Asks: 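One structure follows; several queries about it will come next.
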Amino acid sequence: MIKLLNVCKSFEGRQVLKNISITFEAGKTNLIIGKSGSGKTVMMKSMVGLHEIDSGEIIFGEHSFSKMSFKERKEVRKEIGMVFQGGALFDSYNVEENVMFPLSVFTELTTKEKKDRVNFCLDRVNLVNVGHLFPSEISGGMKKRVSIARAIAMNPKYLFCDEPNSGLDPQTSIVIDNLIHEITQEFNITTIINTHDMNSVMEIGDKIVYIHKGERWWEGDSQSILTTNNEEVVDFVYASKYMKQMRKI
Amino acid sequence: MGFVYHIGRYFLLLRHTFHLPEKSKLFFKQVVHEMNAQGVNSLGIVAVMSLFMGAVITLQTAFNIDNPLIPQSTIGFATANSMILEFSPTIISLILAGKIGSNIASEIGTMRISEQIDALEIMGINPASYLILPKITAAMLINPFIVIISMGLGIFGGYAAGMFTGVVAQNDFIDGILLDFRPFNVVYALIKCIIFAFIITSISGYQGYYSNGGSLEVGQSSTRAVVFSSIVIVLFNLILTKLLLQ
Ligand SMILES: Nc1ncnc2c1ncn2[C@@H]1O[C@H](COP(=O)(O)OP(=O)(O)O)[C@@H](O)[C@H]1O
Ligand SMILES: [Mg+2]
């Protein structure tokens with residue numbers, strides 16, 4: 001479980017996160033949605049400590065992450081997996097080395113054990129025979145999958161995904177979404193996904209939080225989001241003319 | 001304000017950089033890889049530069065000595081001392097600042113803008129230490145060897161130029177090299193080049209580490225890496241010379 005309590009964050013005097021309080025439960029796929037520039041990425045990076053928050057508290061399980069020392073955070077971070085918007089694979093390592101990287105740094109496993117774990121993770125994201133390829137040699141969808149494989153290599157308790165299906169075709173998007181959703185349930189992970197893709201919302205959103213201009217504007221699930229009267233949310237959900245007509249029906 | 005800010009942030013980054021590596025085996029592997037990438041891959045350009053610099057110094061010195069009272073061995077003496085004291089440690093370091101410096105800044109800068117540094121940090125790794133420390137260590141270890149090779153090749157270039165053009169007799173040239181040879185000059189040169197290696201890798205690492213924006217900015221930080229390392233090198237060249245050769 002991850003809890004945000006009154007989190008505020010500003011850059012150079014401009015407030016990007018305004019007093020945000022949310023709870024994310026384990027084994028659930030939590031979606032953070034909102035327009036581009038609403039503060040989703042900043043919120044996610046604040047949760048994992050890539051941005052220091054100005055005030056408020058971030059709690060992982062029982063422990064206050066925002067009050068921890070660098071050393072204590074390091075221990076929590078070993079339980080965090082993160083999938084970045086662009087994949088953030090290490091260019092100079094091939095696919096296998098990328099997934100193996102956290103294992104090599106933090107575990108004392110033998111080479112064979114590490115390889116087994118890598119193969120298990122790659123298998124889990126439906127990738128076979130690509131271990132020797134470099135990030136520059138694989139497609140966007142494959143990069144996302146390798147990135148997911150790397151994120152789950154250490155058996156994380158918490159999984160963060162920033163726009164996991166941006167830049168992907170609709171079909172691949174659905175595959176990636178379902179993959180994250182399955183992994184979440186299978187390993188009882190607390191998963192948080194940033195997205196602006198309505199497809200994901202309808203398919204996998206156990207809990208949905210709508211962020212508007214840095215505020216927690218609305219909270220619900222994939223059913224209630226269709227019936228809400230919150231104006232901003234309605235505009236977001238029914239962004240296209242086609243969808244607006246659907247709503248009238 | 002900008003200047004002080006950068007100096008402060010540079011030293012803060014250095015503090016994070018000088019942390020014990022997560023795993024010594026991995027660190028060792030990285031250092032070997034960097035020594036190869038920075039050092040061995042620079043040997044070609046260093047060899048060409050050194051041979052030609054040595055040859056030119058010999059020809060210029062010979063050209064300027066038309067007084068029959070000055071012995072021919074002066075040409076060998078001048079070539080050897082110019083190479084050892086200044087050309088090999090300083091000029092070669094400046095060339096390496098261009099080659100290694102831009103390389104480091106663009107590599108780390110690209111890692112920054114493509115969130116690879118964030119990915120390292122999320123995993124609980126200290127990115128500054130993981131990325132920059134092996135590069136600093138490798139350069140400080142390998143650059144002295146490169147400079148010694150450069151000295152040898154420079155003097156050989158001078159010798160060959162003298163031989164082919166006939167401006168100096170071979171044994172006069174060699175007499176000149178051995179005349180009043182001071183081993184401390186070599187030590188001075190090596191101290192300089194080790195400090196320059198630190199300057200190049202740490203400044204370039206800093207420039208790359210704090211890149212932001214896109215590929216345009218990475219290009220700019222790589223240019224800044226070369227410009228600033230070069231300026232700091234010539235500055236320290238003066239300071240070290242004053243301190244060591246008095
Ligand atoms: N490092 C930063 N420095 C200053 N402003 C930032 C920084 N990161 C994000 N912002 C600003 O915060 C706002 C929210 O950005 P972001 O969280 O990336 O939006 P999104 O919801 O599209 O992910 C934007 O206006 C952006 O300009
Ligand atoms: Mg974003």
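Owing to the predicted nature of the structure, the values given are computational and were not obtained by experimental measurement. Letters A, B, ... mirror the listed sequences (proteins, then strands); counts begin at 1.
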Asks: More than 12 foreign heavy atoms under 6.0 Å from NZ of A/Lys157: is that the case here?
Replies: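 Count not over threshold, so no.
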
Asks: Count the heavy atoms of every other residue, nucleotide or ligand shown that sit under 6.0 Å from CD1 of B/Ile239, and state whether that count exceeds 12.
Replies: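 It does: B/Ile239 CD1 has more than 12 such atoms within range.
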
Asks: Select one option (side chain, backbone, both, neither) describing which atoms of A/Glu79 are under 4.5 Å from chain B's heavy atoms.
Replies: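 Neither part; nothing is under 4.5 Å.
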
Asks: Is the number of heavy atoms from other residues, nucleotides or ligands within 6.0 Å of NE2 (A/His51) greater than 12?
Replies: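 Atom NE2 in A/His51 is packed in, count exceeds 12.
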
Asks: At a 4.5 Å cut-off on heavy atoms, which part of A/Arg150 comes close to chain B: side chain, backbone, both, or neither?
Replies: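 Answer is side chain: those atoms of A/Arg150 sit under 4.5 Å from chain B.
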
Asks: Do any of residues 93-127 of chain B have a heavy atom less than 4.5 Å from a heavy atom of chain A, and if so, which, in residue order?
Replies: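 B/Thr110, B/Met111, B/Ser114, B/Glu115, B/Gln116, B/Asp118, B/Ala119, B/Leu120, B/Glu121, B/Ile122, B/Met123, B/Gly124, B/Ile125 fall under the 4.5 Å cut-off.
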
Asks: Surrounding NZ of B/Lys29 (heavy atoms of other residues, nucleotides or ligands, distance under 6.0 Å), is the total greater than 12?
Replies: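 Count not over threshold, so no.
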
Asks: More than 12 heavy atoms of other residues, nucleotides or ligands under 6.0 Å from NZ of A/Lys3: is that the case?
Replies: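 Incorrect, the count does not exceed 12.
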
Asks: Select, from A/Pro156, A/Ala88, A/Ala151, A/Ser104, the one with the greatest count of heavy-atom pairs under 4.5 Å involving chain B.
Replies: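 Going by pairs under 4.5 Å, I would pick A/Ala88.
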
Asks: Look at atom NZ of A/Lys28 and say whether more than 12 heavy atoms of other residues, nucleotides or ligands are closer to it than 6.0 Å.
Replies: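 Atom NZ in A/Lys28 is not crowded, with 12 or fewer foreign heavy atoms closer than 6.0 Å.
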
Asks: Can the ring centres of B/Tyr130 and A/Phe101 be said to be less than 6.0 Å apart?
Replies: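 Ring centres of A/Phe101 and B/Tyr130 closer than 6.0 Å.
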
Asks: Return yes when atom CZ of A/Phe11 has more than 12 non-hydrogen atoms of other residues, nucleotides or ligands closer than 6.0 Å, and no otherwise.
Replies: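 Yes.
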
Asks: Around atom CZ of B/Phe145, are there more than 12 heavy atoms of other residues, nucleotides or ligands at under 6.0 Å?
Replies: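 No, the 6.0 Å shell around CZ holds no more than 12 heavy atoms from other groups.
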
